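These numbers come from a predicted model, not from an experiment.
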Amino acid sequence: MNLRQLEHVIALAEEGSFARAAQRVHLSQPALSRSIQTIEDELGIALFDRTTRDVQITSAGEMVVRRAKKMLFEARCLVRDVDLMKHHDLGSVSFGAGPYPAAMLLPAILDELARSAPKMRVRADVVGWPSMLEELHRETLDFLVVDIRGIQPTSEINVIALPRHHAAWYVREGHPLARMVELDATDLHDYPIVSAPMPDAMREALRKWLRFPPNHEMDFHVVCNDVNVLQEYTRKTDALLLLTTHALWNPASMAGLVPLSLPMRSPLWLQLSIVYLAGRTLSPAAEHAIRAVQRAAAVSPASEQ
């Protein structure tokens, strides 16, 4: 049994088809079948039940796949750690940021990295948190900057908490609500809400704050990963945009938008965190970038613990 064979087992388990698995691992179907048969013969147990239509993994196969993934992860970490010992330069870093963290922190993070590590290659992806988590586990991203409430805590990840950021409502200048001196949460019901994708916990907090009934479906008018697009949309419509109070410290992006004055402070907040895989040695570039994220989050006058 070797690591390559374990990759074949994992591919067949995830694809559920010899044809798709063979294509994934760049083998012919007969070659993949022989590889699976070899490891089954060596272990003395069937890992898959074959039918004329599909392939079903057995309970023994599920156990082998779990252990195989751990073994392959450790093997990749070994190669990576040795490479880090041989190369002392910062190299490159790839990280993901959710829409809100990106709008709040990414410009400051990139500015900091440009000053402190001008030769370092940086890839920053701004996508929804479910996709980023998949990329993290595939090790195509070194770490994530996300609202931790969108991720289930497991022993497979490490979390570094960042300062909490409270949210506020923003509308275009001249909006009917902007002219009102006294506002209540129910006054917002008649206007469309635009937002980046929210974790379920934040959506539920928003429903409660707006005093909608428990069975009310929070159906946003526009949902978009790009906060800049949402800001532009809000400037041209009567939509309500939920951003953190950190947004006020970027006058250029907030031109034409004003915060609503509400008698009760919104309990909505973002618990931003840095997330990376447990058991994986971070590269010097990733460690440097993480420190840049921490500095960018800490200097915000609007952040609160």
Colleague: Would you please test Arg50 and Glu40 for salt bridge (charged side-chain N to carboxylate O under 4.0 Å, His left out) and show each step?
Modeller: CA-CA 13 Å; Arg50 288 88 156 166; Glu40 286 181 323; 3.0 Å; yes
Colleague: Using 30° and 60° as the class limits, which term best fits the ring planes of Phe143 and Phe95: parallel, tilted or perpendicular?
Modeller: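 Rings of Phe143 and Phe95: parallel, under 30°.
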Colleague: To the nearest 0.5 Å, tell me how far Ser261 OG sits from Arg179 CZ.
Modeller: 15.0 Å
Colleague: So, do Leu243 and Val227 sit near enough that their side-chain heavy atoms are less than 4.5 Å apart?
Modeller: yes
Colleague: Who pairs with His221 by side-chain hydrogen bond (donor to acceptor under 3.5 Å, both in side chains), at least two apart in sequence or on another chain?
Modeller: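 With neighbours one apart ignored, the set is Tyr233.
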Colleague: So if you build clusters from Ile, Leu, Val, Met, Phe, Trp, Tyr with side-chain heavy-atom gaps below 4.5 Å, do Phe220 and Val229 land together?
Modeller: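 Not linked; separate clusters.
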Colleague: In the structure I gave you, are the side-chain heavy atoms of Ile193 and Leu242 within less than 4.5 Å of one another anywhere?
Modeller: no
Colleague: In sequence, state the C-alpha distance, the side-chain angles, and the governing distance for Trp209 and Leu188, and then conclude on side chain to side chain contact (heavy atoms under 4.5 Å, CB included).
Modeller: CA-CA 11 Å; Trp209 185 83; Leu188 279 59; 4.0 Å; yes
Colleague: Please identify each residue that fulfils salt bridge (Lys or Arg N to Asp or Glu O under 4.0 Å) with Arg115, with sequence neighbours left out.
Modeller: Glu112
Colleague: Taking the side chain as C-beta and beyond, is there a heavy-atom pair between Leu272 and Val293 under 4.5 Å?
Modeller: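 No, every pair of side-chain atoms sits at 4.5 Å or beyond.
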Colleague: Donor-acceptor pair, Gln271 side chain versus Leu162 backbone, under 3.5 Å?
Modeller: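 Pair found, side chain donor or acceptor close to backbone of Leu162.
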Colleague: Has the side chain of His189 got a donor or acceptor atom that lies under 3.5 Å from a matching backbone atom of Leu210?
Modeller: yes
Colleague: Distance check, rounded to the nearest 0.5 Å: Leu183 atom CG versus Met180 atom CE?
Modeller: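 Rounded to the nearest 0.5 Å, the CG-CE separation comes out at 5.0 Å.
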Colleague: Could you tell me which residues satisfy salt bridge (Lys or Arg N to Asp or Glu O under 4.0 Å) with Lys119, sequence neighbours excluded, listed by chain and number?
Modeller: none
Colleague: Heavy atoms only: give me the nearest Val171-Ala178 pair and the separation to one decimal.
Modeller: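 Answer, listing the atom of Val171 first, then Ala178: CG2-CB, 4.0 Å.
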Colleague: Is the backbone of Ala19 close enough, under 3.5 Å, to the side chain of Ser17 for a donor and an acceptor to pair up by distance?
Modeller: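 Yes; at least one donor-acceptor contact below 3.5 Å.
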Colleague: For the atom pair CZ (Arg138) and CG (Leu141), what is the distance rounded to the nearest 0.5 Å?
Modeller: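 The distance works out to 9.0 Å.
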Colleague: Looking only at heavy atoms, which two atoms of Ile36 and Phe18 are closest? And how far apart?
Modeller: CG1-CE2, 4.3 Å
Colleague: Tell me the closest heavy-atom pair linking Val146 and Gly98, and the distance in Å.
Modeller: CG1-N, 4.3 Å
Colleague: Please enumerate all residues that pass ring-ring contact (aromatic ring centres under 6.0 Å, His included) together with Phe73, with sequence neighbours excluded.
Modeller: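 With sequence neighbours excluded, Phe73 shows a ring-ring contact (aromatic ring centres under 6.0 Å, His included) to no residue whatsoever.
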Colleague: Starting from the C-alpha separation in whole Å, work towards a yes-or-no answer on side chain to side chain contact (heavy atoms under 4.5 Å, CB included) for Arg121 and Val93.
Modeller: CA-CA 6 Å; Arg121 299 179 300 280; Val93 63; over 6 Å; no
Colleague: Nearest 0.5 angstrom please: Leu12 CG to Ile57 CD1, how far?
Modeller: 8.0 Å
Colleague: Is there a side-chain contact between Ile274 and Leu144 in this structure, where contact means two heavy atoms from C-beta onward sitting under 4.5 Å apart?
Modeller: no
Colleague: Go through the steps to decide whether Asp184 and Arg211 satisfy the test side chain to side chain contact (heavy atoms under 4.5 Å, CB included), and finish with yes or no.
Modeller: CA-CA 10 Å; Asp184 184 79; Arg211 300 209 292 273; 2.4 Å; yes
Colleague: Using the side-chain contact (heavy atoms from CB on, under 4.5 Å) criterion, which residues pair with Asn2? Sequence neighbours excluded.
Modeller: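 For Asn2, the residues satisfying side-chain contact (heavy atoms from CB on, under 4.5 Å) (neighbours in sequence not counted) are Arg4, Gln5.
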Colleague: Would you please name every residue forming a side-chain hydrogen bond (donor to acceptor under 3.5 Å, both in side chains) with Ser33, sequence neighbours left out?
Modeller: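 side-chain hydrogen bond (donor to acceptor under 3.5 Å, both in side chains) check on Ser33 returns nothing, list empty.
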Colleague: Not counting sequence neighbours, which residues clear salt bridge (Lys or Arg N to Asp or Glu O under 4.0 Å) with Asp238? List them please.
Modeller: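 With neighbours one apart ignored, the set is Arg172.
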Colleague: Strictly distance-based, threshold 3.5 Å: is any side-chain N or O of Arg235 a donor or acceptor partner for the main-chain N or O of Leu257?
Modeller: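 Answer holds: no.
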Colleague: State the CH2-CG distance between Trp169 and Leu240, to the nearest 0.5 angstrom.
Modeller: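 Trp169 atom CH2 to Leu240 atom CG measures 6.0 Å (nearest 0.5 Å).
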Colleague: Please give me the minimum heavy-atom distance between Leu136 and Leu277, naming the atom from each residue.
Modeller: O-CD1, 3.3 Å
Colleague: Are side-chain heavy atoms of Leu43 and Ile39 found at a separation under 4.5 Å?
Modeller: yes
Colleague: Could you pull out the closest heavy-atom pair between Ala296 and Ile109, with the gap in Å?
Modeller: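 The pair with the smallest heavy-atom distance is CB-CG1, 3.8 Å.
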Colleague: State, without any angle test, whether Asn228 and Glu232 hold a side-chain donor-acceptor pair at a distance under 3.5 Å.
Modeller: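 Glu232 and Asn228 do not have a side-chain donor-acceptor pair below 3.5 Å.
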Colleague: Just wondering, more than 12 heavy atoms not from Met71 lying within 6.0 Å of its CE?
Modeller: no
Colleague: If you count every heavy atom of other residues, nucleotides or ligands that lies below 6.0 Å from Glu287 atom CD, does the total exceed 12?
Modeller: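 Above 12, so yes.
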Colleague: Does the side chain to side chain contact (heavy atoms under 4.5 Å, CB included) test come out yes or no for Tyr170 and Thr234, once each step is laid out?
Modeller: CA-CA 8 Å; Tyr170 297 87; Thr234 305; 5.6 Å; no
Colleague: Salt bridge between Arg24 and Glu14, side-chain N to carboxylate O under 4.0 Å?
Modeller: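 Yes, charged N to carboxylate O under 4.0 Å.
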Colleague: Just by distance, do the side chain of Thr140 and the backbone of Glu135 share a donor-acceptor pair under 3.5 Å?
Modeller: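 It does hold such a pair.
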Colleague: Find out whether Ile160 and Tyr276 are in side-chain contact, i.e. whether some heavy atom of one side chain is under 4.5 Å from a heavy atom of the other.
Modeller: yes
Colleague: Decide yes or no for Leu113 and His288: does some side-chain heavy atom of the first lie under 4.5 Å from some side-chain heavy atom of the second?
Modeller: yes
Colleague: If the condition is side-chain contact (heavy atoms from CB on, under 4.5 Å), which residues does Ala31 pass it with, not counting sequence neighbours?
Modeller: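 With neighbours one apart ignored, the set is Leu27, Ser28, Arg34.
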Colleague: Using ring-ring contact (aromatic ring centres under 6.0 Å, His included) as the criterion, list what pairs up with His137, not counting sequence neighbours.
Modeller: none
Colleague: Can you find a heavy atom in the side chain of Asn158 that is under 4.5 Å from one in the side chain of Val275?
Modeller: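 No - every pair of side-chain heavy atoms lies 4.5 Å or more apart.
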Colleague: Can you tell me how far the CG atom of Asp187 sits from the CD atom of Glu182, to the nearest 0.5 Å?
Modeller: 10.0 Å
Colleague: Checking Asp125 now: which residues fulfil side-chain hydrogen bond (donor to acceptor under 3.5 Å, both in side chains) with it, not counting sequence neighbours?
Modeller: Arg123
Colleague: Provide the closest heavy-atom pair for Ser283 versus Ser92 in the form atom of the first, atom of the second, distance.
Modeller: OG-O, 4.2 Å
Colleague: Please list, chain by chain and in numerical order, all residues satisfying salt bridge (Lys or Arg N to Asp or Glu O under 4.0 Å) with Glu204, sequence neighbours excluded.
Modeller: Arg207
Colleague: Sort and list the pairs that fulfil salt bridge (Lys or Arg N to Asp or Glu O under 4.0 Å) and have at least one residue in residues 92-104, not counting sequence neighbours.
Modeller: none
